[in-house]
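Since the structure comes first, as structure tokens, the remarks are kept for the end.
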2 protein chains.
Amino acid sequence: MTTIRDVAKLADVSVATVSRVLNQTGNVSPKTLQRVEAAISQLNYQPNDVARSLFKGRSKMIALFVPDIMNPFFPELARAAEDVASKHGYTFVLCNTDGDGEKELTYLKALKQKSVDGIIIVSSTLSKDAMAHLDLPIIALDRKIGTNIAAVTVNNRKAAQQAVTHLQEVGCKRIAHIRGPQGASNAEDRMAGYIDIVGQTDWFNPSFICEGDYTADHAYKAALDLLQQHPEIDGIFAANDLMGVGVLKAAAALGKKVPDELAVIGFDGIALGEVTIPTLSTMAQPTYDIGARAAEMLIEHIDTYDLNRFVEPVEYEVKLIKRQSTERRTNDDK
Amino acid sequence: MTTIRDVAKLADVSVATVSRVLNQTGNVSPKTLQRVEAAISQLNYQPNDVARSLFKGRSKMIALFVPDIMNPFFPELARAAEDVASKHGYTFVLCNTDGDGEKELTYLKALKQKSVDGIIIVSSTLSKDAMAHLDLPIIALDRKIGTNIAAVTVNNRKAAQQAVTHLQEVGCKRIAHIRGPQGASNAEDRMAGYIDIVGQTDWFNPSFICEGDYTADHAYKAALDLLQQHPEIDGIFAANDLMGVGVLKAAAALGKKVPDELAVIGFDGIALGEVTIPTLSTMAQPTYDIGARAAEMLIEHIDTYDLNRFVEPVEYEVKLIKRQSTERRTNDDK
DNA sequence: ATAGTCGATGTAACGGGTTACACGCAGCTT
DNA sequence: AAGCTGCGTGTAACCCGTTACATCGACTAT
């Protein structure tokens, strides 16, 4: 490995001057500049980022924590964040947490030892105190964490209201909800939106709300139970698309026709919803934009280097995408 | 930040002794050990990995290069590699290359400056010389690169033969192929397998092989053209599942019934194939295992620290999964 | 008793950039 | 001419672990 001292020797200057050339700090005379640049290219010198990081205490790395990259909602987020990171010269670290608080802490510790500059995190388990002890720029994504950590989210509650209203508009009389995991702010908000619309109806029944964990399998089973126990249900709002697909499968397994006997709407807008049969209506998030924005915010936060500055949270709008699973029935009513 | 010198001072020993405790190298008396451990926990000391990396020239980081994490085949690979990395105490860096050689080189340079310990790469563009100049442990994944870089792949050619044979068995008389991108070894091998089976038939026609780039959109268009130009085609082997889904959409758009008028089989075994209608038959790769194995091999390679050691390539078996898109017709023939 | 061995521990150099501080010198002010 | 400013540059300390080498005492071998 060639070092800055090799370059200095060849250019017959001091290491300080080479460093000044590299970082374009301080004044360097044109002649010297040229000599140094020649030496650099002659030796094909590339500065050692580790040494730089050691001195600076910063590493030009950011990390993204997701529950599981195999869940199709996250790759787009990851792609966006990585694009932004690399555009700004940052290296991108990916961590799968499985929604496990222990794992999150282990990763955080390891990354801190590596002087990672900041974190974007999708989590519902990380406690606020754990974050407080951690003096690292953090942006919460998709789900809020406490109140003083900046978050990039969507208007979950309003979007959920829209979704349920849409089901009503296509003729649904008994609408159930398969919710996301306890403690996830987006799951709570989506459920709240559901309740906003149907909570006061005469038919509403708390058992119309099923636990879910954002996976298709679990939703499949939940929907089977639900539909068998309450055959009168003619609309389901799933808190994400993956669970929406699970519901479609359950309906198929029970011989319930979608959308005629059961309308289904999901949330997220993943590509998967376009290739199922029937295709899945959904409340689509601007996923790439959200991921990119979170990364931009994080990097800006890092660059301003002001750990205590308040970072404004951002909320995006969600868009209703009507597909076959909620196609208005020609003649409905029971 | 508390440093090793703080710990040394508190425990009233030298930094060397603290280092010995941390790394369990050399001999430390029980009493001293205890004092040092007490000091470490009292100060909540965590060693600085950057300093360690600088001295050692290694960073305990590995990177995975994929064309695009949004392609559903890659998240599973990434998940597997990350699991293995983190199990071994490595940090996992993800790079999206878009199959762009320039981007690959830029990433490689940046990672080398960070003393990344090794790379797993899915690439068909990286030249062998570029790799040769790079003295970093590398494992090729999914696609081979040259002949002297260890690779973890599947038996693409044989699997392709199986896929095409399966189409024949369900009654297909005219089988087309939508191939992967030029230069990708797996695309070439899969095409070769296709030709092995149908190349000598009297009906075979080179125009039955369409260019593809492993995306659904492109395959959709290619399949539209193909089916319109050659209405006699009754079977399509798509070089990956995403393109298989594109073919299904094209068939739907043209009103061709799958599997009765057109049987379709893909390659990869991504979850997507289970939720389309009809569900997509495929040659399923043991994707997680492949990713995990590549990571294990890389880390073993790094640990033995023997850059010139020959690493044995590994080839996995692919499994035919029959689904609706190739369900045997009750009474076929033209 | 003396040399040799081994365990326990400390000192200081090292890895490779960065930068505070100092110095020399040219040009300008008064 | 003395004093000041500012550019261009070099020296060396610093970031923080790691480890080669040295030291010292205790114990074993002869």
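Sequence lines set the chain letters: A, B, ... in the order given, protein chains first and strands last, and positions in each chain run from 1.
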Within the 4.0 Å heavy-atom criterion, would you say A:V50 contacts the bases, only the backbone, or no part of the nucleic acid? nothing
Nearest-neighbour nucleotide for the B:N27 side chain, C:dA8, D:dT19, C:dT19 considered: C:dA8
Less than 4.0 angstrom from a charged side-chain N to a carboxylate O is my criterion; do B:K60 and B:D49 meet it? no
A:D213 side chain to A:T215 side chain, donor-acceptor N/O pair below 3.5 angstrom: yes
Counting side-chain heavy atoms from C-beta on, which of D:dG17, D:dC15, D:dT9 comes nearest to A:L54? D:dC15
Please determine if B:R35 and B:D12 form a salt bridge, counting it only when a charged side-chain N lies under 4.0 Å from a carboxylate O. no
By the 4.0 Å heavy-atom rule, please label A:T17 as base, sugar-phosphate, or nothing. sugar-phosphate
By nearest heavy atom, map B:M1 and A:R5 onto DNA chain D; which one lands nearer the 5' end? A:R5
Is a side-chain donor-acceptor pair under 3.5 Å present for A:N186 with A:D142? yes
Against the side chain of B:V15, the closest entry in C:dT18, D:dT18, D:dG17 is D:dT18
Against the side chain of A:R20, the closest entry in D:dC16, D:dT19, D:dT9 is D:dT9
Any carboxylate oxygen within less than 4.0 angstrom of a Lys/Arg side-chain nitrogen, looking at A:E296 and A:K87? yes
Rounded to whole angstrom units, what separation is found between the CG atom of A:L22 and the C1' atom of C:dT19? 14 Å
From D:dT9, D:dG17, C:dA8, nucleotide with atom closest to A:T32 side chain: D:dT9
For A:T25, report the nucleic acid contact type (base, sugar-phosphate, nothing); a contact means any heavy atom under 4.0 Å. nothing
Can you identify which nucleotide, out of D:dC16, C:dT18, D:dT19, has its nearest atom closest to the B:S19 side chain? D:dT19
From the set C:dG10, C:dT19, D:dG17, return the single nucleotide nearest to any side-chain atom of B:I4. D:dG17
With heavy atoms under 4.0 Å as the rule, sort B:D49 into base, sugar-phosphate or nothing. nothing
Would you say B:K56 reaches C:dC14's phosphate, i.e. side-chain N/O to OP1/OP2 under 4.0 Å? no
